[in-house]
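Quick caveat: nothing in here was measured; it's all calculated off a predicted structure.
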Amino acid sequence: MKDQKNLTEQIDALLPQIQCGLCHYPGCLPYAEALAAGQTEIDLCLPGGTRVLTALGTLLAQDITSLLPTMEKKTKLPSCVVIREAECIGCTKCIQACPVDAILGSSKHMHTVIEDRCTGCDLCIPACPVDCMESIPLPAIQDPLDKASQTRQRYHAHQQRIQPKQTQKASLIQNSTHERKNYIQAALARIKVKKQLRGNKIRGSR
């Protein structure tokens, strides 16, 4: 278990920390954990491209020769999201979707993206109800690995902050479901009693 944890940390250190989910995992760390456990493939990090693929192949002693041509074609190039601020309605949905807290703003006020923090994960774009966000390419020299450490820290800080809220929300949903179930059962019981009383009255009138 300790060796797997160490391997997970080594793998996570190689990933660009975009937190985009293109690997079908909710973040770089979950992907690293799956790789360390031998549960997934090493060619799923599209923002990392051939550089990360090569590093993972070396670390995990896997031959990546056949994977490199395909990775070169599907690599996600560096990008950043911008908000057309005049169209922003201040709904805060993009803030909630951002995994690294790269968006500033408050309810019913204009939002803006902190370019230096934005990883280009694009998760905020589909969350916007008025379609006022777009992804723009960045110079290829801006390698996401250069700021991976800072991005990782912001991601973990974000997760720690929202986890209590998610737990509370799940609890509220569970309680609400339980209350609805009790309400329905009570209503059915009342209907059953009314039917019995109605039946007794009919039999009594005969």
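- Rounding to the nearest 0.5 Å gives a distance of 10.5 Å between CD of Q96 and CD1 of I103.
- Side-chain contact check for T112 and E85: at least one donor-acceptor pair (N or O, by modelled atom type) lies under 3.5 Å.
- Contact record, D63 with T65: OD1-OG1, 2.7 Å, taken as the closest heavy-atom pair.
- C20 places none of its side-chain heavy atoms less than 4.5 Å from the side chain of D122.
- Side-chain atoms of T75 and L46, non-hydrogen and from C-beta on, never get closer than 4.5 Å to each other.
- Environment of CD in E41: sparse, with no more than 12 heavy atoms of neighbouring residues, nucleotides or ligands closer than 6.0 Å.
- Partners of A37 by side chain to side chain contact (heavy atoms under 4.5 Å, CB included), not counting sequence neighbours, listed by chain and number: Q4, Q39.
- Counting all heavy atoms, side chain and backbone alike, P26 lies closest to Y155 at O-OH, 3.7 Å.
- Linking ILVMFWY side-chain heavy atoms closer than 4.5 Å, directly or via other members, places L123 and M133 in two distinct hydrophobic clusters.
- You'll find the side chain of Q150 stays beyond 4.5 Å of the side chain of R152, heavy atoms only.
- Of all heavy-atom pairs between P30 and G27, the closest is CD-O, 3.2 Å.
- Note: K147 NZ to T119 OG1 = 7.0 Å, rounded to the nearest 0.5 Å.
- Here the CD1-CG distance, from I136 to L138, works out to 6.0 Å after rounding to the nearest 0.5 Å.
- Tested against D101 for a side-chain hydrogen bond (donor to acceptor under 3.5 Å, both in side chains), the candidates R117, H158, R154 yield a single pass: H158.
- Note that CD of Q17 is 10.5 Å distant from CD of Q153, once rounded to the nearest 0.5 Å.
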*Evaluate the criterion side chain to side chain contact (heavy atoms under 4.5 Å, CB included) for residue pair H156 and L29; output intermediate values, then yes/no.*
CA-CA 10 Å; H156 289 312; L29 181 58; 3.7 Å; yes
*For C88 and C132, run side chain to side chain contact (heavy atoms under 4.5 Å, CB included): C-alpha distance rounded to whole Å, both residues' side-chain angles, the deciding distance at 0.1 Å, then the answer.*
CA-CA 6 Å; C88 176; C132 70; 4.2 Å; yes
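- S135 and I125 get closest at one heavy-atom pair: N-CD1, 3.8 Å.
- Using a 4.5 Å heavy-atom cutoff, the side chains of P129 and I89 are in contact.
- Cluster annotation: L22 and L68 are assigned to the same hydrophobic cluster (Ile/Leu/Val/Met/Phe/Trp/Tyr, side-chain heavy-atom contacts under 4.5 Å, transitive).
- Proximity of K108 to T92: side-chain heavy atoms (C-beta onward) are nowhere separated by under 4.5 Å.
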*I would like to know whether E134 and V82 meet side chain to side chain contact (heavy atoms under 4.5 Å, CB included); could you show each step before the answer?*
CA-CA 6 Å; E134 60 181 311; V82 295; 3.6 Å; yes
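- Going from atom CE of M110 over to atom CG of L104 covers 10.5 Å, rounded to the nearest 0.5 Å.
- In this structure the side chain of C128 never reaches within 4.5 angstrom of the side chain of K93, judged on heavy atoms.
- Between I11 and A36, the shortest heavy-atom distance links the atoms CD1-N, 3.7 Å.
- The distance from the CD atom of Q62 to the CD1 atom of I42 is 4.0 Å, given to the nearest 0.5 Å.
- When the side chains of ILVMFWY residues are joined at heavy-atom separations under 4.5 Å, either directly or via intervening members, L60 and L44 end up in a single hydrophobic cluster.
- Linking Ile, Leu, Val, Met, Phe, Trp and Tyr residues whenever their side-chain heavy atoms come within less than 4.5 Å places L15 and Y25 in a single cluster.
- Put simply, the side chain of I64 does not reach to within 4.5 Å of the side chain of D43, judged on heavy atoms.
- Using a 4.5 Å heavy-atom cutoff, the side chains of L35 and L7 are not in contact.
- Hydrophobic clustering of Ile, Leu, Val, Met, Phe, Trp and Tyr side chains at less than 4.5 Å, counting indirect connections, keeps V100 apart from I18.
- Closest heavy-atom contact between K76 and G120: NZ-O, 2.8 Å.
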